[in-house]
Amino acid sequence: MSETIATLKAAWPMLRRAITSGQLFRPQCELVDPHPDVEGLYGVDIPMRDGFALTANIYRSRARTAAGEPSPVVMCAHPYDNRLTPAQKKTPLRGPPQQYRLIPQAGGVPRFSTLTSWESPDPNFWVRAGYTVVNVNLPGFADSGGPASIFSAHQGACFREAIAWAGAQNWSTGAVGLNGVSFLCISQYLAAATPDGEETPEALKCIVPWEGVSNLYHDLACRGGVADIGFLNFWWHTEVKEPLNTPLEQYLEIEEAIPPEVLDLHPLYDDYWRAKAPPLQNIRVPMLICASFSDHELHTTGTFRAFEQASSSEKWLYTHRGGKWSEYYSTDALSLQKDFMDRYLKGVSNRFDKLPPVRLEVRSARDEVKEVRWEKEWPLANTRYVTLYLQKGKLVPEIPQKPGEIEFDSRTGRAAFEYLFEADMELSGYMKLKLWAEARATRSDDETPKDLIICAYVQKKDRRGRLVPFNGSVGVSNDVVSRGYGRASRRALNTELSEHWNPAPSGGKHEPLSIGDIVPLEIALCPSSTFFEKGSRLRLIISGQDLFHAPIFRKVTEVAAHRTVIHFGSEFDTYLLTPQIP
């Protein structure tokens, strides 16, 4: 019952909106019929060396098959059940996957064929572009055999076996590329980040990971030390639990708990979580990765990390602040994906011979793209990191000489600070918030609080003082510029991974506060790319509560009631670091 209640709490805002808007019966996408040349083979077994088989849908050209012409392969793997397509009449009302009835779409309506399962490459597009598509169910899900697990090395190993199998078939040229969104992105990390001492399948030539976490703990479950109990609950009960085809007891023997309950057993970043973080530095195949500035609550941080840490000598970064699915299936994005696949699976000489590595989309507002340009690196080499110090109500370029305090109730209060841009300015990259913070008892007879939580947000105000909206996670259309979370008891940083502009939490130890402790917190804010016009303002909000959450995400911010005190000035260098681009 508690699971059901938690799921309903997480899903209800989205479900209510879907009902009142009519989206539940008018899904936000456009379905098209596939070309008659596209043939689907369903439930094809892919044998694994451990004695079980994965199942795949294989989509190919009837004409090329009849002529005996092999094709390169576009491949994906996931736990979602590849049978859930309108063409196979397995989806609600024989329409698109159910998520398009629940999740609002930003930046336009995605368009794909009835052969397309959730977040997967559209067979109609890829087969007509000269490819064969192989859509695989991971072990233990849908009708695939083997032990079920989540975000595991075993999933990656099985995916690599499936890649080698696809490369060896007579309908294949032996060249395989991976493609897909979210979990279908994560499974690419798991497959391509081959463990030390193991060879990458010869058939694997390139990957297109499109928006996916790369560290489950730090990106989602406990970002900045602040637990999220909403998304994993929603995801498990609405997308993963149903296609699980092995008894739950067997799943728990491997995973210990269902995803929304793992944090209860492993609250710190330990070996359990480390085993679910693929060694990104072991990715060496060419990569076209999409990192969204919209998906703060889920994929933004992880995809930028994957681009930066992958060892691929040929890698490209595609950024945007539109909608996740509308962007993935858009004409421009598909054209870029096709050229990338053509380059590495067909050997075609095209723009990827000389294309700069980073497509940067800069927005002035949700619906205003200021500029799209190609850059040579990320973060940008010409970034000028400018420190804006906090004082009451303001962000100033010089540290205040006299120390001061800003105090608010941890449950109901907040503090706001503003900075006026006296010239046009682009902020592209990472922001960091450094605070000197203290937790005080609300009353003198209260127990001394041992922890505090910080939720930080950057907004944009236009010249008239109005808040400027941006796209956010799960179709949110009035999101902030950037956000970050921090917890005093988890303030320790990973010194090997941290940069002065992007602190990386350790997550490995718990350090409760004592009476009078004033501790430094360094909080990473999500990467963003935003244009501020002369006369516009940057607004920073600090609170003990999640003020701008997206539906299905629920941060656990209930620590002992107290007053949060921010110290600034003199020896307390409390500031916001901003990435200004000349």
Side-chain angles (χ1 to χ4, degrees), residues 35 37-39 46 56 58-77 120-136 159-180 184-185 187-189 191-194 199-210 282-290 306-307 310-318 328-359 374 376:
H35 191 276
D37 182 54
V38 182
E39 174 187 33
I46 301 178
I58 299 176
Y59 301 92
R60 59 188 186 182
S61 162
R62 298 179 192 274
R64 289 197 299 274
T65 299
E69 297 177 6
S71 303
V73 176
V74 172
M75 199 169 184
C76 66
S120 69
D122 181 358
N124 190 53
F125 173 84
W126 288 104
V127 171
R128 296 182 69 192
Y131 294 88
T132 290
V133 174
V134 179
N135 185 324
V136 180
F159 196 1
R160 284 191 291 275
E161 281 195 64
I163 292 165
W165 176 89
Q169 302 308 298
N170 60 11
W171 38 260
S172 167
T173 62
V176 177
L178 309 183
N179 198 321
L184 288 73
C185 165
S187 64
Q188 295 179 62
Y189 301 150
T194 309
E199 293 294 325
T200 302
E202 183 179 351
L204 182 58
K205 305 301 182 185
C206 63
I207 60 175
V208 182
W210 202 271
N282 289 359
I283 298 177
R284 294 182 174 87
V285 296
M287 174 170 67
L288 169 62
I289 187 168
C290 173
F307 175 76
S311 297
S312 307
S313 59
E314 298 170 278
K315 58 182 179 180
W316 285 264
L317 176 68
Y318 180 103
Y328 175 65
Y329 293 110
S330 71
T331 300
D332 287 349
L334 285 175
S335 174
L336 191 71
Q337 294 172 47
K338 178 184 176 299
D339 283 354
F340 179 75
M341 292 291 193
D342 286 350
R343 174 69 180 83
Y344 290 102
L345 299 187
K346 295 182 178 180
V348 175
S349 180
N350 58 26
R351 55 177 155 169
F352 278 92
D353 294 340
K354 297 182 179 180
L355 191 66
V358 178
R359 176 199 188 265
W374 290 88
K376 294 180 180 179

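Throughout, residue positions are numbered sequentially from 1 according to the sequence presented. Model, not experiment: these values are computed from the prediction.
Between the side chain of W316 and the backbone N or O of P356 there is at least one donor-acceptor pair closer than 3.5 Å. S187 places a side-chain N or O within 3.5 Å of a backbone atom of A77 that can act as its donor or acceptor partner.
One finds the CG atom of N135 at 7.0 Å from the CG atom of L184 (value rounded to the nearest 0.5 Å). In this structure, L334 CG and Y328 OH are separated by 7.5 Å, a value rounded to the nearest 0.5 Å. One distance of note links CZ of R64 with OG1 of T132; it measures 6.0 Å at 0.5 Å rounding. The distance from atom CH2 of W165 to atom CE of M75, rounded to the nearest 0.5 Å, is 7.5 Å. Put simply, CD on Q337 and OH on Y329 are 9.5 Å apart, with the number rounded to the nearest 0.5 Å. Between atom CD1 of residue I207 and atom CD of residue Q188 there is a gap of 5.5 Å, rounded to the nearest 0.5 Å.
The six-membered or imidazole ring of W210 lies near that of Y318, with a centre-to-centre distance under 6.0 Å.
V133 approaches P123 most closely through the heavy-atom pair CG2-CA, 3.9 Å. Across all their heavy atoms, A129 and K346 have their closest contact at O-NZ, 2.8 Å. When all heavy atoms of T194 and T200 are compared, the pair lying nearest together is OG1-OG1, 2.9 Å. Annotation for F352 and L336: closest pair CE1-O, 3.5 Å, computed over non-hydrogen atoms. The two residues L345 and P72 have their closest heavy-atom pair at CB-CB, 3.8 Å. Across all their heavy atoms, L288 and F340 have their closest contact at N-CZ, 3.5 Å.
The local environment of CD in E202 is sparse, with at most 12 non-hydrogen atoms from other residues, nucleotides or ligands closer than 6.0 Å.
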Q.
Run the side-chain hydrogen bond (donor to acceptor under 3.5 Å, both in side chains) test on Y131 and D342 for me, step by step, so that the C-alpha distance in whole Å, both residues' side-chain angles and the decisive distance to 0.1 Å come before the verdict.
A. CA-CA 10 Å; Y131 294 88; D342 286 350; 2.5 Å; yes
Q | Intermediate values then yes/no, side-chain hydrogen bond (donor to acceptor under 3.5 Å, both in side chains), S61 and D37 | A | CA-CA 5 Å; S61 162; D37 182 54; 2.7 Å; yes
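Residues meeting the salt bridge (charged side-chain N to carboxylate O under 4.0 Å, His left out) test with R343, sequence neighbours left out: D353. Scored by the salt bridge (charged side-chain N to carboxylate O under 4.0 Å, His left out) test, K315 finds no partners at all (sequence neighbours excluded).
Side-chain contact check for Y344 versus V285: every heavy-atom pair is 4.5 Å or farther apart. When side chains are defined from C-beta on, M341 counts as touching V74, because their heavy atoms get closer than 4.5 Å. For the pair Y59 and N124, the minimum side-chain heavy-atom distance is 4.5 Å or more. Residues D339 and L355 are not in side-chain contact: their nearest non-hydrogen atoms beyond the backbone lie 4.5 Å or more apart.
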